[in-house]
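A short write-up of the structure that comes next.
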Amino acid sequence: MESEALMSTFLRRGVLWPTAEIYGGIQGLYDYGEAGSSIKRNLEAAWERWFVGLSPGYYRIEPAEILPEAVVRASGHLANFADPLVKCNACGEEYRADTLLEARGVQDAEALRGEELQKRLVELKIRCPRCGKAEFTPPKAFNLMFGFDWGAQSEERAYLRPETAQSSYLAFPRMWNAMRKKLPLGVAVVGKAYRNEIAPRQVLFRMRAFTQAELQIFFDPEGLPDSWRVPPDFSVPALTARDREKGAKEATLQKLSDLVAQGQMPEFYAYHLMQTYRCYRDVLGYPEARLRLFEKNEKERAFYNRIQYDFEAHLDSLGGFKELGAVHYRGDYDLTKHSEGSKTDLGVTLENGRHILPHVLELTFGVDRNLWALADLLMKKDGDRTVWSLPPYLAPKLAGILPLIPKEHGEDALRLHRRLVAEGFHVVLDDSGSIGRRYARLDEIGTPFAITVDRDSLTNQTYTLRERDSKAQRRVTVEELAVALRKASLFPTPHSEVRN
RNA sequence: GCGGACAUAGUGUAGUGGUUAGCACGCAAGCUUCCCAAGCUUGCAACCCGGGUUCAAAUCCCGGUGUCCGCACCA
């Protein structure tokens, strides 16, 4: 679906809107409304059920969103997030001072501070690549983190976390002790991260405050679980770095077992690609034809990642493939850095007596992005109705209860509503407008079922159950209703039989 | 952040200096209606913010904010 159509539906139905809109809004922030926050919560719950469910040794935690400066210094974010920008006085073009110096062969320019950078720019007679003049403004730090002074006397520096992952690394020693000293240990966080993006755009795709769902798996590279294996035939649409070097532009269906056999990735990594792919396909309902795995090459990926595949979906609203999440093999980079930074040994002693620094496999998931992508891909025009074919457990409401003629069936509908609410179902009552109009309203925000109360309901307590996508109806009793709703609420699990 | 375009009810839009600011959809109330945005009646609801020019500004000018498209950025 196109971006304008999506956004106007979202605004009209109160799914989401710009933050502080009556004051003109603020770039990069959006508020979720009733339907939006419900879908987002459901998405987070589905993610958690799947990824925390991968192993009994995986747990969710909820760490603080603010970090002291020492943490972001150790993680490398302080250096890497503060780009020194200079502007050409003649033509106004902006550059990163360190990039200009590096282009002239200056080593470790990233480590230089403002005045030194300026000195070197002058010494080396660096010229503007566009207009050729050699006059720049003094470097101005553009920090992509939100930092602020902390404490009663503003005596400390603190930062809003730029990614949730750091919180999990900090939690590792506590979790190791509290959770019985076993590897693999999984630490999941679903929470906000904050980045001072230069140009936030594309609604939910570049926000300044956004929700990440991330699982950090700490494991022993010499002692991998037996279950971390891929079946021989499981294939994914993949565009590998190797294929791209050879000129490939499009993903091809590739067997993960082949990629392992060719030495392109270890099997434990392939296993996690498979489980992540199954979540997108089988839990979230992404059409396979729109998904691909995109491998970042050495230049593109973050320096600490040894292997990085992004999960991408082709979105009409944003004109191409967009990243929804990723699988990063970060090695022991993070625990090494935080061991050094905190002067704490984050290594652990295993049952067999070996003392190791665990490696980290990071599974990331952008919650807001996925909400947008699922709207783009699953919301469709069907004649003059709009249908959002969300999986039932992601829909904001499971069913709408509609008295066919409110005056005659209203009371009965209210009774049914109370009963289903008491049974724990998220159902909504709508008695306003013609029956077709009410069906259409439900379809538009993805409600999978409509239950209609009619003349027969009054005499024999049966109702018609309408299915959203097919519009097909069947007549059911209350008991059958509850069974159908319960069944639709069930999630697939990572341990169900793997289909290719 | 740079360049360009744009900003009118909840949504989509008409309106080139003087309009009761129009239309469609929507929403609400009523009538009707035993099943897919039907019909009839009535109603609700808008000129992004701040300055300026002018007798008069939704309309022209300046600034701000926001959105979109390119460029840059996206550890």
Side-chain angles (χ1 to χ4, degrees), chain A residues 2-15 17-30 33 72 75-83 85-88 91-96 99 110 129-130 137 140 142-145 162-163 165-166 193 195-203 205-208 210 300-305 308 310 317-319 322-323 328 366 382-387 402-409 432-444 450-458 463-468 470-473 475:
Chain A
E2 290 302 318
S3 186
E4 290 80 14
L6 257 185
M7 200 56 200
S8 78
T9 302
F10 278 174
L11 291 171
R12 197 161 37 76
R13 297 306 306 270
V15 175
W17 54 81
T19 295
E21 200 179 5
I22 61 170
Y23 284 95
I26 179 165
Q27 233 179 66
L29 297 181
Y30 287 87
V72 292
S75 69
H77 287 92
L78 201 55
N80 290 318
F81 261 51
D83 299 337
L85 293 183
V86 294
K87 195 173 187 175
C88 170
C91 72
E93 189 72 11
E94 286 200 1
Y95 303 96
R96 283 176 55 166
T99 314
E110 258 192 40
R130 191 164 86 171
T137 59
K140 197 177 80 182
F142 185 87
N143 202 321
L144 290 162
M145 284 193 296
E163 61 175 19
Q166 295 308 320
R195 294 180 194 180
N196 195 7
E197 295 282 358
I198 299 172
R201 257 181 216 185
Q202 304 189 315
V203 200
F205 263 73
R206 297 270 303 275
M207 294 202 290
R208 287 193 165 132
F210 55 101
E300 295 162 334
R301 69 183 179 242
F303 58 91
Y304 47 74
N305 278 332
Q308 174 176 347
D310 287 350
S317 61
L318 302 178
K322 290 285 168 180
E323 180 191 348
H328 299 151
D382 173 28
D384 49 358
R385 73 171 182 151
T386 299
V387 192
L402 316 176
L404 188 59
I405 308 219
K407 252 196 248 172
E408 293 168 28
H409 316 114
S432 157
S434 74
I435 192 70
R437 181 178 299 267
R438 284 179 276 162
Y439 288 144
R441 281 199 284 244
L442 293 172
D443 293 339
E444 197 171 40
I451 300 159
T452 310
V453 180
D454 61 14
R455 186 187 288 147
D456 294 344
S457 310
L458 302 183
Y463 307 91
T464 60
L465 181 64
R466 170 189 182 271
E467 199 276 324
R468 175 193 62 205
S470 65
K471 302 199 279 189
Q473 284 182 301
R475 187 159 275 280

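Letters go in sequence order (proteins before strands), and every chain restarts at 1. When reading the values below, keep in mind they use all heavy atoms of this one structure, side chains included, and skip hydrogens, waters and symmetry mates.
Contacts of A/Arg438 with the nucleic acid, taken as non-hydrogen atoms under 4.0 Å apart, are absent. Residue A/Gln473 is in base contact, counting any heavy-atom pair closer than 4.0 Å across all strands shown. Residue contacts for A/Tyr304: at a heavy-atom cut-off of 4.0 Å it reaches a base atom on one of the strands shown.
Dashed line: the shortest gap from a side-chain N or O of A/Gln27 to OP1 or OP2 of B/U67 is under 4.0 Å.
Out of B/G1, B/C68, B/C36, the shortest distance to the side chain of A/Val203 is found at B/C68. The side chain of A/Ser8 lies closest to B/U11 when the candidates are B/U11, B/U67, B/C34. Across B/A38, B/U67, B/C34, the shortest atom-to-atom separation from the side chain of A/Tyr30 is found for B/U67. Out of B/U11, B/A38, B/C35, the shortest distance to the side chain of A/Leu11 is found at B/U11. Listed candidates were B/C35, B/A37, B/G1. Nearest to the side chain of A/Thr452 is B/C35. Side-chain proximity of A/Arg201 to the nucleotides B/G3, B/C36, B/A37 is greatest for B/G3. Proximity note for A/Arg206 (side chain, C-beta onward) versus B/C73, B/A38, B/G66: the nearest is B/C73.
B/C68 atom C1' lies 12 Å from atom CG of A/Leu318, rounded to whole Å. Taking atom CD of residue A/Glu323 and atom P of nucleotide B/C74, one finds them 13 Å apart after rounding to whole Å. To the nearest angstrom, C1' of B/C73 lies 8 Å from CG of A/Leu144. Rounded to an integer number of Å, the gap from CD of A/Glu21 to P of B/G10 is 9 Å. Rounded to whole Å, the distance from CD1 on A/Ile22 to P on B/G66 is 16 Å. As a whole-Å value, the separation of A/Ile26 CD1 from B/G66 C1' is 11 Å.
Note that CE of A/Met7 and CD of A/Glu2 are 15.0 Å apart. Values are rounded to the nearest 0.5 Å. Atoms OG1 and CG, on A/Thr464 and A/Leu404 in that order, are 8.0 Å from each other to the nearest 0.5 Å. Atom OG of A/Ser432 sits about 11.0 Å away from atom CG of A/Leu402, to the nearest 0.5 Å. Put simply, CD on A/Glu197 and CD on A/Gln27 are 10.5 Å apart, with the number rounded to the nearest 0.5 Å. To the nearest 0.5 Å, the span separating CZ on A/Arg206 from CD1 on A/Ile198 amounts to 8.0 Å. Atom-to-atom distance recorded for A/Thr452:OG1 and A/Tyr463:OH is 11.5 Å, nearest 0.5 angstrom.
Rounded to whole Å, the P atom of B/U65 lies 24 Å from the corresponding atom of B/A72. One C1' atom belongs to B/C27, the other to B/U67, and the distance between them is 26 Å to the nearest Å. Rounded to whole Å, the C1' atom of B/G64 lies 16 Å from the corresponding atom of B/C6. Here, B/C47 and B/C23 have their C1' atoms 16 Å apart, quoted to the whole Å. B/G26 and B/A37 are spaced 11 Å apart, taking the P atom of each and rounding to whole Å.
Projected onto RNA chain B by closest heavy-atom contact, A/Thr9 and A/Asp384 fall at different nucleotides, the more 5' of which corresponds to A/Thr9. Between A/Gly24 and A/Val453, the residue anchored nearer the 5' end of RNA chain B, judged by the nucleotide with its closest heavy atom, is A/Val453.
Minimum heavy-atom separation, A/Arg13 to A/Arg441: NH1-O, 3.0 Å.
Across all strands shown, B/U53 forms no Watson-Crick or G-U wobble pair with both key distances under 3.5 Å. Across all strands shown, nothing is found opposite B/U33 as a Watson-Crick or G-U wobble partner with both distances under 3.5 Å. In this structure, B/G26 and B/C44 make a Watson-Crick or G-U wobble pair, each of the two defining distances being under 3.5 angstrom. Base pairing of B/U20 is not made with any nucleotide, judged by Watson-Crick or G-U wobble geometry with both donor-acceptor distances under 3.5 Å. With both pairing distances under 3.5 Å, B/G1 is matched to B/C71 as a Watson-Crick or G-U wobble pair. If you check B/A58 for Watson-Crick or wobble pairing at under 3.5 angstrom, you find it has no partner at all. The nucleotide B/G66 finds its pairing partner in B/C6, both defining distances of the Watson-Crick or G-U wobble pair being shorter than 3.5 Å.
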Base-contact (B) and sugar-phosphate-only (S) positions in nucleotides 26-31 of chain B, heavy-atom cut-off under 4.0 Å, - elsewhere: SSS--S
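Taking the ring centre of A/Tyr439 as origin, the terminal cationic atom of A/Arg466 falls inside the region bounded by 6.0 Å and 45° from the ring axis.
Put simply, the side chain of A/Glu4 and the base of B/C68 share no donor and acceptor less than 3.5 Å apart. The base of B/C36 is not paired with the side chain of A/Asp443 by any donor and acceptor separated by under 3.5 Å.
Look at A/Asp454 and A/Arg475 and you find a salt bridge, because one of the NZ, NE, NH1 or NH2 atoms lies within 4.0 Å of a carboxylate O, short of that distance.
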Pair A/Thr9-A/Glu444, side chain to side chain contact (heavy atoms under 4.5 Å, CB included): steps then yes or no: CA-CA 8 Å; A/Thr9 302; A/Glu444 197 171 40; 3.9 Å; yes
